[in-house]
Amino acid sequence: MKILLTYSSKTGNTKKVAEAIGEALQLRAVPVEENPNPAGYDLIIAGYWVDRGTADAKMKDYLSRLTGQKVALFATLGAEADSEHAANCLTNGAALLGEGCEVAGRFICQGKVAEEMVEMMKKMFPEGHPHAMTPERLARIEKAASHPDEADLAAAREYFSQLCLGVQ
Ligand SMILES: Cc1cc2nc3c(=O)[nH]c(=O)nc-3n(C[C@H](O)[C@H](O)[C@H](O)COP(=O)(O)O)c2cc1C
C-alpha cells in the first residue's frame with residue numbers, strides 16, 4: 001500500500017506527532033509546504049494544528065484540493081484530546097476534504113500552546129469576554145504544556161500502525 005504522510009506545524013507539536021507516525025510506518029513526514037502530489041497514493045495521512053476550531057490555513061488549503069482519496073487525519077490542539085471541542089476540530093477538518101474523499105481514520109492529541117499566544121489572549125480578552133483567561137483556561141493551557149508527550153507519540157504510532165494494517 002502506498003501511503004503519503006504530510007503535516008502542517010507552526011510550533012513543532014504536530015511535526016513531532018508526524019515524525020512518530022513516520023517512524024512507525026517507515027515513511028518520511030512531508031511538510032505540507034512541499035505541496036506533495038497526492039496522485040497514486042492509496043492512503044493520505046494528513047496532520048494539522050488546530051487554529052480556531054479547524055485545520056490551520058495551510059492544511060485547510062491542501063485538504064480542500066484532495067478529491068476521491070482515502071484520508072486519515074490527525075491533529076494537535078491546546079484543549080483536552082477527549083473533549084467535544086477536539087472531536088469537532090477533527091470533524092471540521094474532515095469537512096474540508098474535496099469531493100469523493102473518504103475519512104479512513106482520526107487521531108488527536110494535546111499540544112503545548114505557544115507562549116506568545118497565551119500572552120496575546122491575556123491582553124486581547126478582558127475579564128468577562130468569552131475567551132478571557134479564566135483560571136480553568138489557564139489550567140488547561142498548563143496541562144497542555146507537556147504535550148505531545150511520550151504517551152501521545154506512542155498512541156499515534158499504535159493508532160496508525162493498526163489503521164494501516166486494516167486499510168486495503
Ligand atoms: C492562532 C492559534 C489558534 C489556536 N486555536 C485553537 C483552538 O481553536 N482550539 C485549541 O484547542 N487550540 C488552539 N490553538 C492551540 C494549538 O492548536 C496547539 O498549541 C497546537 O498543538 C499547535 O501545534 P504546532 O506546534 O504543530 O503548531 C491555537 C493556537 C494558535 C497559535
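Counting starts at 1 for both ligands and their atoms, following the listed order. The shown structure was predicted, so the numbers you read here are calculated from the model rather than taken from an experiment.
Under a 4.0 angstrom heavy-atom cut-off, A114 registers as lying outside contact with ligand 1.
The protein atom (non-hydrogen) at minimum distance from atom 19 (O) of ligand 1 is K112 O, 2.8 Å. At the shortest separation from atom 5 (N) of ligand 1 among protein heavy atoms lies R52 N, 2.9 Å. Considering only non-hydrogen protein atoms, atom 12 (N) of ligand 1 sits nearest to G78 N, 3.0 Å. In this structure, the protein non-hydrogen atom closest to atom 11 (O) of ligand 1 is A79 N, 2.9 Å.
Neither the backbone nor the side chain of Q110 has any atom closer than 4.0 Å to an atom of ligand 1 (non-hydrogen atoms only). Residue M117 touches ligand 1 through its side chain alone, judged by heavy-atom distances below 4.0 Å.
The aromatic rings of F160 and F74 lie perpendicular to each other, with more than 60° between the two planes, well past the 30° mark.
Residue C89 has no N or O atom closer than 3.5 Å to an N or O atom of ligand 1. Checked by distance only, ligand 1 and K10 come closer than 3.5 Å through their nitrogen or oxygen atoms.
Judged by distance alone, the side chain of D152 and the main-chain N or O of C109 form no donor-acceptor pair under 3.5 Å. S83 places no side-chain N or O within 3.5 Å of a backbone atom of A79 that could act as its donor or acceptor partner. Here the side chain of R137 pairs a donor or acceptor atom with the backbone of H131 at under 3.5 angstrom. For the pair S8 (side chain) and K58 (backbone), a donor-acceptor distance under 3.5 Å is absent. Looking at N92, its side chain does come within 3.5 Å of a backbone N or O of G53 through a donor-acceptor pair. Using modelled atom types, one side-chain atom of Y159 and one backbone atom of R106 make a donor-acceptor pair closer than 3.5 Å.
Annotation: E127, atom CD; neighbour count of heavy atoms from other residues, nucleotides and ligands within 6.0 Å does not exceed 12.
Atoms of ligand 1 found under 4.0 Å from any heavy atom of H85, numbered from 1 in the order shown, are 7 (C), 8 (O), 9 (N), 10 (C), 11 (O). Close contacts of ligand 1 with T11, meaning ligand atoms under 4.0 Å from a residue heavy atom, involve 24 (P), 25 (O), 27 (O). Less than 4.0 angstrom separates some heavy atom of G12 from each of these atoms of ligand 1: 24 (P), 25 (O), 26 (O). Using a 4.0 Å cut-off to heavy atoms of G53, the atoms of ligand 1 that qualify are 7 (C), 8 (O).
Around atom 30 (C) of ligand 1, the closest heavy atom drawn from W49, Y48, Y7 belongs to W49. With atom 20 (C) of ligand 1 as the reference point, the heavy atom nearest to it among T76, T14, V17, D51 is part of T76. Atom 7 (C) of ligand 1 has its nearest heavy-atom neighbour, among D56, V50, I108, in V50.
Note: R140 CZ to H85 NE2 = 8.5 Å, rounded to the nearest 0.5 Å.
Looking only at side-chain heavy atoms (C-beta outward), I21 and L5 come within less than 4.5 Å of each other.
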